[in-house]
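Dropping a structure here in C-alpha cells format, bear with me for questions.
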Amino acid sequence: MQARLTIDKDFTLGKIDERIYGSFIEHLGRAVYTGIFEPGHDTADEQGFRRDIMDLIRRLNIPIIRYPGGNFVSGYRWTDGIGPRESRPKRLDYAWASLEPNQFGIDEFADWCKKAGTTAMVAVNLGTGTPQQAADMVEYCNFAGGTYWSDLRIQNGHKDPHNFRVWCLGNEMDGPWQTGAKTADEYGRAANEAAKMMKWVDPTIELVACGSSGMDLPTYPEWDRKVLQHTYDNVDFISMHRYYGYNGSVEDYLASYADLDAFLAAGIAAADYVKAYKRSKKVMKISLDEWNAWYGTHGPKPEEAWTVAPPIHEQTYNVMDALCVGGLLTTILNRSDRVRMGCIAQLVNCLAILMTEPGKGAYAQTTYYPFLHASLYGRGEALRAMLKAPKMETRHGAVDSVASAVTFDEEKGELTVFALNLADEAAQLTVNARSFENLSPIEHIVLDGELFACNTFDTPEAVLPRSVATAACEKGVATVTLPARSWNVLRYTI
Ligand code: AHR
C-alpha cells in the first residue's frame with residue numbers, strides 16, 4: 001500500500017497548547033488510594049505519595065491533571081478533604097458505590113502536583129454543590145490571605161496560595177448517571193453564576209463549562225449550544241468527553257480517530273454558532289478533558305460496594321488499544337488550533353495508562369507509549385500536512401487507512417511525523433518535507449505486535465516500542481515503511 005504525506009513549514013495550525021497532554025486522577029477505585037497515595041508503601045514519601053508511580057508520571061511530562069472527578073465530584077464536599085486527617089468524615093460516594101475516607105484532599109493534591117512536576121485542573125461540584133461553595137473553594141485555594149477561607153488554608157499548613165489556574169464547572173452534567181444531573185438550561189444558569197463568582201474571587205482563572213459527555217445522549221448536540229448561550233461570556237472552554245471501545249472489528253476500532261474528528265467538528269460548530277449569535281469576538285476553546293479507550297469494565301463487584309478504594313475499571317490495555325490511542329492523538333493534534341486542553345482518562349489504575357499493585361510495584365500499560373511519544377515529541381507547532389492514503393470502509397465511514405499528524409519544534413529544530421497504519425498490510429509512506437532544508441532522520445519508533453498482547457504485573461515489558469532502521473532522506477523526501485497495524489513516530493532534525 002502506498003501513501004503520501006506532503007508537509008510545508010508555512011502551513012501551520014499554530015502553536016500547540018501543551019495542555020493537550022493532560023491527564024486525569026479521580027477519586028475512583030484505586031486511582032488515589034493505593035494508586036498515587038499509599039502511606040506505608042516501600043516507596044512512599046513522608047506524605048504517603050508513592051514515588052514509584054510518581055517517577056513513571058514524571059517521565060510523561062504532563063502539564064496538567066484534572067482532579068478530583070469525574071462523576072465523583074458531583075457529590076463531593078471539598079471541605080471534607082481539608083484540615084486534620086483524623087477529623088475528616090467518611091462519606092458514601094454515590095458515583096462509584098464506594099466509601100470515601102477523605103484522607104487525600106485538595107491540599108494533598110496541590111503538594112502532589114508540585115512533586116510530580118505538573119499543575120492541577122480542579123473540578124467543582126455543580127451537581128449537589130452551589131456556586132457559593134465553588135467560589136469558596138477558589139478563595140481557599142487562590143486567595144492570598146486575610147479572609148475566612150484563605151486563612152483556613154494557611155492554618156492548614158499552606159501559607160502560599162495554590163494558585164490553580166484552570167477550573168471545571170462540574171462534570172458531565174448532561175448525564176442521567178450524574179449525581180444532581182441537570183437540564184442544559186438549569187446547568188447553564190448555575191454554571192454562569194458560579195463562573196461569575198469564581199472570577200470575582202480570582203479574575204486570572206480559566207473556566208471550563210460542561211459540554212456533551214458523548215454523542216449518545218438525546219441532548220447532544222443541543223446541550224452545547226444551550227449551555228454556551230448561558231455561559232459564553234464568562235467561560236474560556238467548553239468540555240467534550242469521548243471514549244472508544246472494541247466491538248469485534250479491528251478496522252472500526254482503529255478508525256475511532258475519524259469519529260473523534262467528527263465529534264470535535266460538531267463541538268466547534270456549536271461553539272461558533274453561539275459566537276455568531278452573540279456577535280462575540282471571543283473564540284471558544286475546546287477542553288477534551290476525558291478521552292481514551294474504554295470497554296468491558298464495570299463498577300465495583302457487589303461484595304466490594306461501599307468499601308474504600310475497591311478495584312473499579314481496571315482495564316488491561318493491549319496493542320490494539322495503544323494503536324487506537326495513537327490514532328486519537330493524531331486527531332487531537334490536527335484539531336489543536338481549537339483543542340487547547342485534553343486529558344487522557346485516566347492516569348492510574350482506572351482506565352489508566354499506569355497500574356500499581358497495593359504494597360507492590362507499578363508498570364506502564366501499552367497505551368502509555370503513544371501518549372509518551374506525543375507528549376515528548378509533539379510540541380511546538382502543529383502543521384497542516386496533506387495526506388493521500390487509500391480509503392478503508394468502517395462504521396465511521398470511509399476513512400484514510402493511515403492517520404497522521406505533524407509537529408515542528410523550531411526551538412529544538414525537530415520535525416515529528418506521527419502515523420498510525422490501520423491496514424492489515426505494510427504501507428510505504430512517502431514523506432515529502434522539501435520546504436525543510438537539511439532534514440535528517442533521528443529515529444523511527446514503532447509500536448506493533450500481536451493485537452491482543454498486553455503488559456501485566458508479571459510481564460510488564462511484554463509490549464514495548466522498538467526503534468527500527470531509519471529510511472534515508474534526500475532533499476527532505478523519505479519513503480518509510482509503516483508495518484501493518486502499527487503506531488509510528490518519525491523524528492527528524494533540521
Ligand atoms: O473516567 C471515568 C468516568 O467517565 C468519569 O468519572 C466520568 O466523567 C465519565 O463518565
Side-chain angles (χ1 to χ4, degrees), residues 22-33 35-36 62 64-76 78 92-98 100 109 121-129 166-182 187 191 208-217 219-220 223-224 227 237-245 256 260 263 267 286-300 309-317 321 324-325 328 341-355 365 367 371:
S23 190
F24 182 23
I25 292 177
E26 176 168 2
H27 282 250
L28 192 192
R30 300 191 310 106
V32 173
Y33 304 107
I36 58 170
I62 300 180
I64 196 159
I65 299 183
R66 188 162 175 255
Y67 172 87
N71 296 341
F72 170 78
V73 79
S74 299
Y76 181 51
W78 69 269
L92 295 183
D93 162 20
Y94 303 151
W96 303 111
S98 307
E100 174 53 55
F109 189 64
M121 177 196 294
V122 184
V124 296
N125 174 357
L126 288 186
T128 60
V166 183
W167 295 74
C168 301
L169 299 163
N171 175 70
E172 295 191 349
M173 297 307 304
D174 58 339
W177 56 86
Q178 204 67 217
T179 309
K182 295 186 168 34
Y187 169 70
V208 186
C210 288
S212 289
S213 54
M215 278 166 131
D216 305 327
L217 293 175
T219 48
Y220 170 82
W223 172 276
D224 303 81
V227 165
F237 294 84
I238 180 93
S239 79
M240 300 181 75
H241 292 178
R242 197 88 176 115
Y243 293 94
Y244 292 94
S256 301
L260 180 63
F263 181 56
I286 305 291
S287 174
L288 182 64
D289 46 44
E290 287 189 34
W291 68 270
N292 203 349
W294 178 4
Y295 55 102
T297 66
H298 305 282
I312 304 179
H313 299 320
E314 300 208 358
Q315 178 156 348
T316 304
Y317 289 110
D321 300 321
C324 174
V325 163
L328 300 176
M341 220 151 44
C343 301
I344 188 165
Q346 301 193 6
L347 189 55
V348 183
N349 290 335
C350 302
L351 309 171
I353 53 182
L354 290 166
M355 298 297 291
Q365 299 234 47
T367 48
F371 186 75

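As the structure lists them, so they are numbered: ligands from 1, and atoms in each ligand from 1. Owing to the predicted nature of the structure, the values given are computational and were not obtained by experimental measurement. Sequential numbering from 1 along the given sequence is applied to the chain's residues.
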Check your understanding: Which protein non-hydrogen atom lies closest to atom 9 (C) of ligand 1, naming both residue and atom, and how far is it?
Key ->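 Of every protein heavy atom, Glu290 OE1, 3.0 Å lies nearest to atom 9 (C) of ligand 1.
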Practice item. Please work out which of the three classes, parallel, tilted or perpendicular, describes the rings of Tyr67 and Phe109, given edges at 30° and 60°. Key: parallel
Point to revise | Between CD1 on residue Ile353 and CG on residue Asn292, distance to nearest 0.5 Å | key: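 Going from the CD1 atom of Ile353 to the CG atom of Asn292 covers 8.0 Å.
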Check your understanding: Nearest 0.5 Å, what's the CD1-CD1 distance between Ile344 and Ile62?
Key ->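 Rounded to the nearest 0.5 Å, the CD1-CD1 separation comes to 9.0 Å.
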Review point. By number and element, which atoms of ligand 1 are closer than 4.0 Å to a non-hydrogen atom of Glu26?
Key: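 Taking each heavy atom of Glu26 in turn, ligand 1 has 5 (C), 6 (O) under 4.0 Å.
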Check your understanding: What protein heavy atom is closest to atom 10 (O) of ligand 1, reported as residue, atom name and distance in Å?
Key -> Glu172 OE1, 2.7 Å
**Study point:** Point-to-point distance, once rounded to the nearest 0.5 Å, from CH2 of Trp294 to CD of Gln346
**Key:**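 That separation rounds to 8.0 Å.
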Practice item. To the nearest 0.5 Å, tell me how far Tyr295 OH sits from Tyr244 OH. Key: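 So the gap between those two atoms works out to 15.0 Å.
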Check your understanding: With backbone taken as N, CA, C and O and side chain as the heavy atoms from C-beta onward, which portion of His313 lies under 4.0 Å from ligand 1: side chain, backbone, both, or neither?
Key ->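 No part of His313 is near ligand 1 at this cut-off.
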Review point. With a 4.0 Å cut-off on heavy atoms, is Trp96 touching ligand 1?
Key: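 Checking ligand 1 against Trp96, which is what was asked, there is a heavy-atom contact under 4.0 Å.
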Study note, to complete from the structure: CG (Leu28) and CD (Glu100) are apart, to the nearest 0.5 Å, by 10.5 Å
Check your understanding: What orientation do Tyr33 and His27 show, parallel under 30°, tilted 30 to 60°, or perpendicular over 60°?
Key ->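 Tyr33 vs His27 ring planes: perpendicular.
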Check your understanding: Taking N or O atoms only and a 3.5 Å limit, does Tyr243 qualify as a polar contact for ligand 1?
Key ->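 Yes.
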Check your understanding: What atoms of ligand 1 come within less than 4.0 Å of a heavy atom belonging to Gly70?
Key ->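 Those of ligand 1 that fall under 4.0 Å from Gly70 are 5 (C), 6 (O), 8 (O).
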Review point. Which ligand 1 atoms are under 4.0 Å away from a heavy-atom of Asn71?
Key: 5 (C), 6 (O), 7 (C), 8 (O), 10 (O)
Check your understanding: Who's the nearest protein heavy-atom neighbour of atom 2 (C) of ligand 1, and how far?
Key ->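 Scanning the protein heavy atoms, the shortest distance from atom 2 (C) of ligand 1 goes to Gln346 NE2, 3.5 Å.
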Point to revise | Distance-only N or O hit between ligand 1 and Trp294, under 3.5 Å | key: no
